[in-house]
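Okay, so here's the structure we're looking at.
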Amino acid sequence: MTTADKIAQLNVPVCLPQELLGDSTDPTGTTENREAYVRGRTVVGTGAGQLRLGPGGGFFGLVNQTLSGSVEVPHPLTPYEQAEQHNRLQRLARDTALGIPLLQISEGTHGSVGPGSTIFPEGLALGATFDPDLIGQVFAAVAREARAVGIHALSTITAELNRDPRYGRGIWAFSEDPYLTAAMVGAVVPAMQGAGNDLTSDESVVTSLVTFPMESPNVGGLETSSIEIGERALRQTHLEPWRVGFTEAGALMTEASEQTIDGLVVHGSRAYLTDLLRDELRFDGVVIGNDLRSLIREHVAGTAQEAAGLGLRAGVDISLAWDEIYLDQLAAAVREGRIDEALLDRAVRRVLTLKERLGLFENPYVDAARAERVVNCAPHRALALSAARASMVLLKNEGGLLPLAADRVRTVALIGPNADDRLDLLGEYDAYPALHETPSIREALTRLTGDRVRVRYARGCDVTGRDTSGFAAARAAAKDADVAVVVVGEQTKGGYFSPDRTDGELKDTASLALTGVQQQLLEEVHATGTPTVAVVVTGRALALPWATAHLPALLIAWLPGEAGGRAVAEVLFGETEPTGRLPVTFPRDAGQLPLTYDQKHARADADAYIDMPSTPLHAFGSGRGYTSFRYSGIRLDDTHITRDGRTLLHVDITNTGERAGTEVVQLYVTDDRASVSLPRIRLRGVVRRRVAAGERVTVSFPVTAARDLTLVDERLRTVVEPGTFTLGVGSASDRVHQHISLTVS
């Protein structure tokens, strides 16, 4: 292979850049643009530094016709046509001199983004299920749909924690908690990569965990700001999901963080991308870089050639950015001896090895007829509904207002900017355009209730802006109804380039209050005297003190995906119960941040602010259903274990209500005395249990010292220290009902 051939393998453009577009005015390029690139007819640079590149693959640009909902496409390809397009591009690549197949990568945060793919709930909605097995099923379906159309790897599978709700990219993450996130990652990776990591299967894709080692909590919650946490915090709190994803499950791709962490620019840090990632965590895959220019921006590299050398030495294999750094400047640095070509060979070898593991050299093609059968098939649509149902979090239900009874509620006022907006239910990086039905809450509620209930709709206001002209219609609708349901929250529609989005990538916020005049709308409806339910469509924790204090019912719908409208309607009318729990802490105000449930003792026991309590508005793990439970009889098989031992904890829960319900039982651990300061409580187990009315069941948790009772000591060693531990079981981090002591020697 020539140097140009090698560099081609390391460039997988996030979209077809201008060099590849020719005279096209379509940002996604034309068929001719794509085919010219795949035939190796792309020229980069000028003069002696000119490169004629053969194909490496694509990220978005060759995979879809869209940039994840960011670009309107007049004639989107069906899954069958997408598969045929990929096959055609692979044939062209195989017909080149080297015959190396393309590596096709796409986003997959909550579904493959090819038009027509199933749109599952996103980020915190999936985390709110507290159900790793269900999330494994979701991502198995996501992998199946992606591979069916010719995609080989899915990115934005988030292993980092959501520790700051101001940060827009937190929309992708499962939880603030390391245990829950690790459990999700541990289910997702084998679901996507298949049993035994058999990537040749037409059911499997490579899992790209993001973003290593973290992009949050960053200073001020801003995407481009640095992270200052220290190595103990990194190891004690943040590494657990990565250990599970890489060391245990064997994920074979990751994206390098675009941040600077404790002064180290990750794209140029051997300490992070080789010593920690490959040597300690035993990662054996491909590292993607999307911001090698951060090395220049942070004044660590003075030139593009220096940046190329730093990135390659650190361990960045693939560049998505189509930047001169990994194109003609990388070639020049190799040619002039500034970079050892062996480093280039190392990166290329990793990429080619991954293509080999995918079986692409033997068979790079897919069955287009199968794509038509698999993508958004009936079982996947049913799974999207199951996940949406499981994600709903009911935070308040004063007086048992919910569920609404169709025999008592004859008229519902359905109000709010997200009540009849199906796109805001879908989240970020979703399949766009959807080639199947994605009903809004209004449409789903009308279908569910039929002629039994009159649904009177008023938009009221927009998600953003100060226009209150719709308030009069909202008040009139509420006064004429038995109950008002006001659907407020965030706006994610319009994709990456939309200026009107309020959440998602590059949409950080300083305030966690409802945007625009949405709270005023809630106040106006509440003032009519009609019982009011607030439904919040959101990708982040919001500060909702007024709604919590004044409204009888508060339901968090998150970003519930294509079946979210139906799931909300079913919960409101009791067709299903809300079984989701908060995977993040809801603060009273952004001024409390950072605020997570696992605070050390000094913060957990802190005095109030002068203007509000220091405690959360809604604690991690919170949520309620339509029945009640009593906890009793906590016990251990062994109350004394060694530092390499384990025991079983048991607790009885009784459904004391009048209908069957699901309890999400949570196990928390406190180290009674340690050599370093630790969080007051840490989640170490979750069990979801369906219990009939009046029934008592026993729930059991394994407690393993080497997994659940560790700390990172003064010398940065992960150890189990002898002593006593308090184990608590409850329904939320602030509602731990039963405690027992365990001794470790």
Side-chain angles (χ1 to χ4, degrees), residues 128 392-419 441-442 445 448-449 453-458 460-461 471 474-489 513-514 518-538 541-558 567-582 586 588 613 616-619 622-629 656-659 661 731-732 734-735:
M392 299 288 143
V393 180
L394 182 61
L395 290 178
K396 188 178 180 183
N397 193 23
E398 194 174 83
L401 176 60
L402 296 179
L404 305 175
D407 59 346
R408 297 197 308 270
V409 175
R410 303 305 303 168
T411 301
V412 172
L414 183 63
I415 299 166
N418 281 327
I441 293 172
R442 179 188 182 187
L445 189 62
L448 179 70
T449 58
V453 176
R454 177 187 175 212
V455 177
R456 184 171 177 183
Y457 168 70
C461 67
F471 281 12
R475 288 192 300 268
K479 288 177 181 178
D480 189 39
D482 300 303
V483 65
V485 176
V486 187
V487 188
V488 293
L514 290 169
Q518 291 184 95
Q519 179 165 312
Q520 190 177 342
L521 176 65
L522 288 173
E523 294 173 5
E524 293 276 335
V525 173
H526 172 67
T528 66
T530 300
T532 302
V533 179
V535 177
V536 183
V537 175
T538 180
L542 294 174
L544 303 166
W546 187 90
T548 298
H550 294 88
L551 302 183
L554 177 60
L555 178 69
I556 307 299
W558 305 110
V568 169
E570 290 180 344
V571 164
L572 291 174
F573 275 88
E575 297 289 322
T576 58
E577 64 167 333
T579 63
R581 300 295 183 262
L582 287 186
F586 272 47
R588 301 173 188 275
L617 182 64
H618 298 287
S622 294
R624 61 185 68 209
Y626 291 146
T627 187
S628 55
F629 292 90
T656 57
E658 297 180 353
R659 60 180 283 172
S731 52
D734 65 344
R735 292 195 296 276

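- Note that CD1 of Ile415 and CZ of Phe471 are 10.5 Å apart. Values are rounded to the nearest 0.5 Å.
- Between Ile556 and Pro578 the shortest side-chain heavy-atom distance does not fall below 4.5 Å.
- In this structure, Thr528 contributes its side chain and Ala478 its backbone to no donor-acceptor pair below 3.5 Å.
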With side chain to side chain contact (heavy atoms under 4.5 Å, CB included) as the test, would you mind laying out the steps for Val568 and Met392 before giving the verdict? CA-CA 8 Å; Val568 169; Met392 299 288 143; 3.8 Å; yes
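- Taking the charged nitrogens against the carboxylate oxygens, Arg454 and Asp480 do have a contact shorter than 4.0 Å, which makes a salt bridge.
- Annotation: the span from Leu445 atom CG to Arg442 atom CZ amounts to 10.5 Å, rounded to 0.5 Å.
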Verdict with reasoning, Arg581 to Val393, per side chain to side chain contact (heavy atoms under 4.5 Å, CB included): CA-CA 5 Å; Arg581 300 295 183 262; Val393 180; 5.5 Å; no
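- Interatomic distance, CD of Glu523 versus CD of Gln519, reported as 5.0 Å (0.5 Å rounding).
- To the nearest 0.5 angstrom, Cys461 atom SG is 10.5 Å from Glu524 atom CD.
- Panel note: side chain Thr548, backbone Leu544; a donor-acceptor pair is recorded below 3.5 Å.
- One finds the OG atom of Ser628 at 9.0 Å from the CD atom of Glu658 (value rounded to the nearest 0.5 Å).
- Closest heavy-atom contact between Ala477 and Ala413: O-CB, 3.4 Å.
- Note that NE2 of His526 and OG1 of Thr532 are 7.0 Å apart. Values are rounded to the nearest 0.5 Å.
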Side chain to side chain contact (heavy atoms under 4.5 Å, CB included) evaluation trace for Leu554 with Val536: CA-CA 8 Å; Leu554 177 60; Val536 183; 3.8 Å; yes
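- Here the closest non-hydrogen pair linking Leu521 and Gly460 is CD1-CA, 4.0 Å.
- Considering every non-hydrogen atom in both Tyr457 and Ala419, the closest pair reads CE1-CB, 4.0 Å.
- Proximity of a side-chain donor or acceptor of Thr538 to a complementary backbone N or O of Gly489 within less than 3.5 Å is not detected.
- Residues Val537 and Val487 have side chains in contact (heavy-atom distance under 4.5 Å, counting atoms from C-beta outward).
- Taking 4.5 Å as the limit, some side-chain heavy atom of Trp546 sits within range of a side-chain heavy atom of Leu551.
- Nearest heavy-atom pair, Ala619 versus Leu582, reported as atom, atom and distance to 0.1 Å: O-CD1, 3.6 Å.
- When the options Thr579, Leu395, Leu394 are evaluated for a side-chain contact (heavy atoms from CB on, under 4.5 Å) with Arg624, the one that passes is Leu394.
- Nearest heavy-atom pair across Gly574 and Arg659 is O-NH2, 3.6 Å.
- In this structure, the side chains of Ile441 and Asn418 stay at 4.5 Å or more apart for every pair of heavy atoms.
- Within 6.0 Å of CD in Glu575 there are more than 12 heavy atoms belonging to other residues, nucleotides or ligands.
- Looking only at side-chain heavy atoms (C-beta outward), Phe629 and Ser731 stay at 4.5 Å or farther from each other.
- Asp482 places a side-chain N or O within donor-acceptor distance of the main-chain N or O of Thr411, the cut-off being under 3.5 Å.
- Applying the side-chain contact (heavy atoms from CB on, under 4.5 Å) test to Ala553 and every residue at least two apart in sequence or in another chain returns Asn397, Leu401, Leu402, Val533.
- At a threshold of 4.5 Å between non-hydrogen side-chain atoms, the residues Val571 and Glu577 do not count as touching.
- Scanning all heavy atoms of the two residues, the minimum distance from Leu448 to Ala569 falls at CD2-O, 3.3 Å.
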Mind running side chain to side chain contact (heavy atoms under 4.5 Å, CB included) on Leu514 and Leu522 for me, showing each step along the way? CA-CA 10 Å; Leu514 290 169; Leu522 288 173; 3.8 Å; yes
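- With contacts defined as side-chain heavy-atom distances shorter than 4.5 Å, the pair Phe586/Pro616 does not qualify.
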